[in-house]
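Structure, as C-alpha cells:
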Amino acid sequence: MWIFRWSEDSHLEKELNNPSCGNTHDWTYIPAPRAVKKPDNYELQNPVHTVTPEILSEEEVRKTLMGWVRRKLRYKNELVRKMEITEIMPSIIFYYVLDTFVEQRALKFSYQENPVIGTALPPNRKLKAWEVQCFPVKSFQDETKYFHMPNSDKKGICISCYGRGLVLCATCWGSGEIDCRKVYSNGRGRMLSLCPECTGNNTADCEKCSAIGHIQCLRCSGKGKVWYFTNLKVEYLTHRKYKLITDEDFPTLAVQKAHGLVLHDHTAELLTPISTCSEEEVNLASQLLVEESHFAWPDSRILRQQHSLKAIPVSKVLFTWEGLSGCFWIYGTKRQIYFKNYPLRKTCWP
C-alpha cells in the first residue's frame with residue numbers, strides 16, 4: 001500500500017522560487033576559527049587633544065535664537081527681544097562611537113531538482129564552512145551572500161513524496177471529490193434548483209487534482225528524487241555601540257545629529273581603547289566598550305573596527321520672561337537650538 005505525504009503547496013512554492021530562503025532557525029551557525037590578532041598602539045602614539053568649552057556672549061545667544069525663531073513659521077520673536085538672560089552655562093559633551101565589522105557563517109541542508117552545472121573546486125574534497133573564500137564588497141557595509149558548498153551534492157529520495165512523485169491533494173484530501181455548495185434559488189419562497197455540476201448529490205470533482213486525489217510533488221517535479229546539498233550563508237554585519245559623556249539632561253537624539261569637533265578617529269583590525277583623553281570618563285567608556293567587543297560575538301570573526309570621539313560644545317541658557325523661568329540649549333559647532341515647549345506661538349497662520 002502506498003503512503004503519500006500531504007502537500008504544503010504555498011510553502012514549497014516559496015522554497016522553489018528561492019532555494020536559499022527558510023526560517024532563521026534552519027541555519028546552523030559555525031563558530032569562527034580562533035585567530036590571534038594583536039591590537040595596534042595608534043592610540044598611544046596619537047593622544048587625544050584637549051578641548052575647552054565655547055563661551056558665548058549674551059548678544060550671540062540672542063542673535064542665534066532669533067535666527068532659529070525666524071525659521072519657525074508659527075513662533076513669535078517677542079520672547080527673544082524681551083527675555084532676561086540670567087545665566088549662560090558652557091560645557092562639552094563627548095560622543096564616543098565604536099563600530100565592529102564582523103563576519104559570520106551558517107550552514108543549512110537544502111535541495112534542488114537538478115545537479116549543479118560545472119565542476120566543484122577543489123575536486124574530490126569537501127570544504128569546511130570557513131574554508132570557502134569570500135570577501136565583503138565594502139567594510140562596514142552589511143550584506144549577505146549564499147554559496148553552494150563544493151562537493152556536497154548527493155542524489156536521494158524526495159522527502160515529500162517518499163520517491164513516489166505524487167503527494168496527497170490538499171484540497172480534497174485524496175478523495176477526488178469536494179463538497180458542492182452551488183445551490184440556486186429561483187427567488188420564490190424556498191423553491192431551489194439543482195446544481196448543474198453535482199445534480200443534487202452535494203459533491204463535485206476536485207479541480208485541483210482532476211478527481212485523482214493526488215498531485216505532482218513540487219519538490220521533485222514528479223521525479224521522486226532530488227539533489228541534496230549543503231548551503232552556506234555568509235553574513236557581514238556592523239555592530240555599533242556608543243557612549244555619551246555629559247552632565248546635562250540633554251536629549252540623546254539631538255547629540256547624535258549634532259556637528260562637533262572630531263578629536264579622535266581610527267580604524268584597525270583590532271583596536272586598543274582610548275587612554276589619553278583629559279576626560280577620564282571617556283577613557284573608561286572606551287576601555288569598557290572595546291574590551292567587550294572582543295568577546296561579544298563568539299561565533300563571528302572580527303574583520304575591522306573603527307572608533308571616533310567627537311566633542312560637542314553646549315551652552316545651557318537660563319532666562320526669565322514675564323514671570324516665566326525656563327531654559328534652552330545652543331549646541332554644536334553650527335550653533336543649533338534645542339528649545340522644548342517654546343511658549344510663544346501664533347494661534348493662526350500664516
Side-chain angles (χ1 to χ4, degrees), residues 27-52 92-107 127-145 147 232-247 252-253 255-313 333:
W27 295 93
T28 301
Y29 285 88
I30 310 301
R34 293 186 178 181
V36 179
K37 293 183 180 180
K38 185 179 180 180
D40 60 9
N41 57 354
Y42 177 87
E43 276 66 28
L44 296 176
Q45 297 176 356
N46 298 270
V48 178
H49 300 291
T50 305
V51 61
T52 56
I92 294 291
I93 293 179
F94 293 95
Y95 182 36
Y96 176 75
V97 179
L98 170 65
D99 289 329
T100 304
F101 187 57
V102 302
E103 176 185 5
Q104 61 183 23
R105 300 192 176 193
L107 296 176
L127 296 180
K128 296 181 179 180
W130 288 93
E131 291 179 337
V132 177
Q133 290 190 356
C134 181
F135 304 96
V137 175
K138 185 179 180 181
S139 296
F140 303 102
Q141 177 177 296
D142 293 0
E143 61 176 311
T144 303
K145 297 182 178 181
F147 294 91
L232 172 65
K233 178 173 67 172
V234 181
E235 294 178 286
Y236 296 100
L237 305 172
T238 303
H239 299 286
R240 166 163 290 193
K241 293 182 178 292
Y242 66 90
K243 177 68 175 179
L244 290 175
I245 295 90
T246 174
D247 296 329
T252 303
L253 186 60
V255 172
Q256 293 177 343
K257 296 181 178 180
H259 296 271
L261 178 64
V262 178
L263 303 180
H264 190 82
D265 189 7
H266 181 53
T267 303
E269 288 189 5
L270 207 61
L271 293 173
T272 53
I274 294 175
S275 58
T276 58
C277 183
S278 57
E279 184 68 33
E280 186 60 27
E281 195 172 348
V282 172
N283 299 329
L284 294 176
S286 177
Q287 181 179 0
L288 176 63
L289 295 184
V290 170
E291 290 180 355
E292 283 184 350
S293 69
H294 292 170
F295 306 97
W297 308 279
D299 291 343
S300 303
R301 177 169 62 183
I302 297 178
L303 300 180
R304 301 286 290 177
Q305 285 189 304
Q306 66 179 12
H307 62 175
S308 63
L309 178 64
K310 184 166 60 174
I312 303 171
T333 53

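Since we're looking at a predicted model, the values are computed, not measured.
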Partners meeting side-chain hydrogen bond (donor to acceptor under 3.5 Å, both in side chains) with [X] (sequence neighbours left out):
X    : answer
D99  : R240, Q306
Q287 : E291
Q104 : E235, S300
E281 : none

Do any pairs count as a ring-ring contact (aromatic ring centres under 6.0 Å, His included) and have a residue in residues 259-285, sequence neighbours left out, and if so which ones?
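Of all non-adjacent pairs touching residues 259-285, those that pass ring-ring contact (aromatic ring centres under 6.0 Å, His included) are Y42-H264, Y42-H266, H264-H307.
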
Can you run down the ring-ring contact (aromatic ring centres under 6.0 Å, His included) pairs that involve residues 280-300, sequence neighbours left out, and say none if there aren't any?
H239-W297

For F140, give me all partners under ring-ring contact (aromatic ring centres under 6.0 Å, His included), at least two apart in sequence or on another chain.
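Residues passing ring-ring contact (aromatic ring centres under 6.0 Å, His included) with F140: F101.
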
Which residue pairs pass the salt bridge (Lys or Arg N to Asp or Glu O under 4.0 Å) test with at least one member in residues 266-277, sequence neighbours excluded?
none

Candidate pair C134 and Y236, rule side-chain contact (heavy atoms from CB on, under 4.5 Å), full reasoning:
CA-CA 11 Å; C134 181; Y236 296 100; 3.2 Å; yes

How many angstroms lie between [atom1] in [X] and [atom2] in [Y], if you round to the nearest 0.5 Å?
X    : Y    : atom1 : atom2 : answer
Q45  : T276 : CD    : OG1   : 11.5 Å
K37  : D40  : NZ    : CG    : 12.0 Å
I302 : R304 : CD1   : CZ    : 12.0 Å

Closest non-hydrogen atom pair, [X] against [Y]:
X    : Y    : answer
L289 : L98  : O-CD2, 3.5 Å
L271 : P39  : O-CB, 3.8 Å
P33  : W130 : CD-CG, 3.5 Å
A285 : K243 : CB-CG, 3.6 Å
V282 : C277 : CB-SG, 3.9 Å
L232 : W27  : C-CZ3, 4.1 Å

Does any part of the side chain of [Y], heavy atoms only, come nearer than 4.5 Å to the side chain of [X], both counted from C-beta?
X    : Y    : result
L244 : Y96  : no
I312 : I92  : no
V48  : S278 : no
N283 : P273 : no
V262 : L309 : no
F94  : L263 : yes

Flag, side chain of [X] to backbone of [Y], donor-acceptor distance under 3.5 Å:
X    : Y    : value
R105 : A129 : yes
D299 : I30  : no
S286 : I274 : yes

Residue pairs fulfilling side-chain hydrogen bond (donor to acceptor under 3.5 Å, both in side chains) with at least one residue in residues 133-145, sequence neighbours excluded:
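Listed once each, the pairs are D142-T238.
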
For [X], salt bridge (charged side-chain N to carboxylate O under 4.0 Å, His left out) partners two or more places apart:
X    : result
E131 : R125
R34  : none
R301 : E103

Between Q305 and S293, does the side chain to side chain donor-acceptor pair (under 3.5 Å) criterion hold? Intermediate values first, please.
CA-CA 9 Å; Q305 285 189 304; S293 69; 2.8 Å; yes

V290 vs T272, test: side-chain contact (heavy atoms from CB on, under 4.5 Å). Steps then yes/no.
CA-CA 7 Å; V290 170; T272 53; over 6 Å; no

